[in-house]
Amino acid sequence: MSDSDEERLVDLPPSAKLVFKVLEYNGTLTQKGIVEESMLSARTVRYALERLEGIGAIDEDVYFADARQNLYEITGPPTAEGETDAAVSDD
């Protein structure tokens, strides 16, 4: 995780941080998949997703296999280049 991701997540509740980590480790998931992986309640996951979307940490997309669900993924996955750029800009 890059420094900018950490800064965005600092003020979020623990449930939102857990949902972020679940998405970071598992990639793109539906809300139901996040509930299963995180063992949080569906309501808690919905709240966490709202918070993460509010700060622009995740993207929501249509799940074409079942249009009633959405897919969630982290925006702009951190790369080694992004981490290097952040380290250089810390004058």
Side-chain angles (χ1 to χ4, degrees):
M1 181 178 347
S2 69
D3 290 338
S4 63
D5 287 335
E6 289 177 12
E7 290 172 5
R8 293 190 299 179
L9 298 176
V10 168
D11 294 330
L12 294 179
S15 59
K17 293 174 186 175
L18 176 59
V19 167
F20 185 87
K21 281 295 185 186
V22 166
L23 290 171
E24 186 175 53
Y25 290 130
N26 295 298
T28 305
L29 290 172
T30 63
Q31 182 179 327
K32 184 177 179 179
I34 296 168
V35 167
E36 291 171 359
E37 290 294 322
S38 67
M39 294 189 279
L40 295 170
S41 72
R43 181 178 179 177
T44 301
V45 169
R46 273 194 309 273
Y47 177 71
L49 290 170
E50 287 176 14
R51 295 292 302 265
L52 289 166
E53 283 181 292
I55 64 167
I58 62 171
D59 279 332
E60 180 180 351
D61 201 6
V62 175
Y63 182 45
F64 292 109
D66 183 355
R68 297 171 295 176
Q69 298 184 53
N70 292 317
L71 285 174
Y72 298 92
E73 66 181 339
I74 296 175
T75 57
T79 62
E81 290 176 7
E83 292 173 3
T84 303
D85 292 342
V88 171
S89 65
D90 289 340
D91 297 286

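Computed over heavy atoms, backbone and side chain alike; hydrogens, waters and symmetry mates excluded. Remember, it's a predicted structure, so these values are computed and weren't measured experimentally.
One hydrophobic cluster, built from ILVMFWY side chains closer than 4.5 Å, holds both Leu12 and Val19. Residues Val45 and Ile74 fall within the same hydrophobic cluster, defined by Ile, Leu, Val, Met, Phe, Trp and Tyr side chains chained together at heavy-atom separations under 4.5 Å.
Residue pairs meeting the salt bridge (Lys or Arg N to Asp or Glu O under 4.0 Å) criterion with at least one partner in residues 62-75, sequence neighbours excluded, are Asp66-Arg68.
Contacts of Asp11 classified as salt bridge (Lys or Arg N to Asp or Glu O under 4.0 Å), with partners at least two apart in sequence or in another chain: none. When the side-chain contact (heavy atoms from CB on, under 4.5 Å) test is applied to Leu29, the partners found at least two apart in sequence or on another chain are Val22, Leu23, Asn26, Ile34, Glu37. Looking at residues two or more places apart in sequence or on another chain, you find a side-chain contact (heavy atoms from CB on, under 4.5 Å) between Arg43 and Ser41, Arg46.
Here the OH-OG1 distance, from Tyr72 to Thr28, works out to 12.5 Å after rounding to the nearest 0.5 Å.
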**Item:** Stepwise side chain to side chain contact (heavy atoms under 4.5 Å, CB included) test for Glu36 and Lys32
**Value:** CA-CA 6 Å; Glu36 291 171 359; Lys32 184 177 179 179; 3.6 Å; yes
Contacts under 3.5 angstrom, residues 50-65 side chains, donor-acceptor by atom type, not counting sequence neighbours:
| unit_1 | atom_1 | unit_2 | atom_2 | d |
| --- | --- | --- | --- | --- |
| Arg51 | NH1 | Tyr47 | OH | 2.7 |
| Glu60 | OE2 | Asn70 | ND2 | 2.5 |

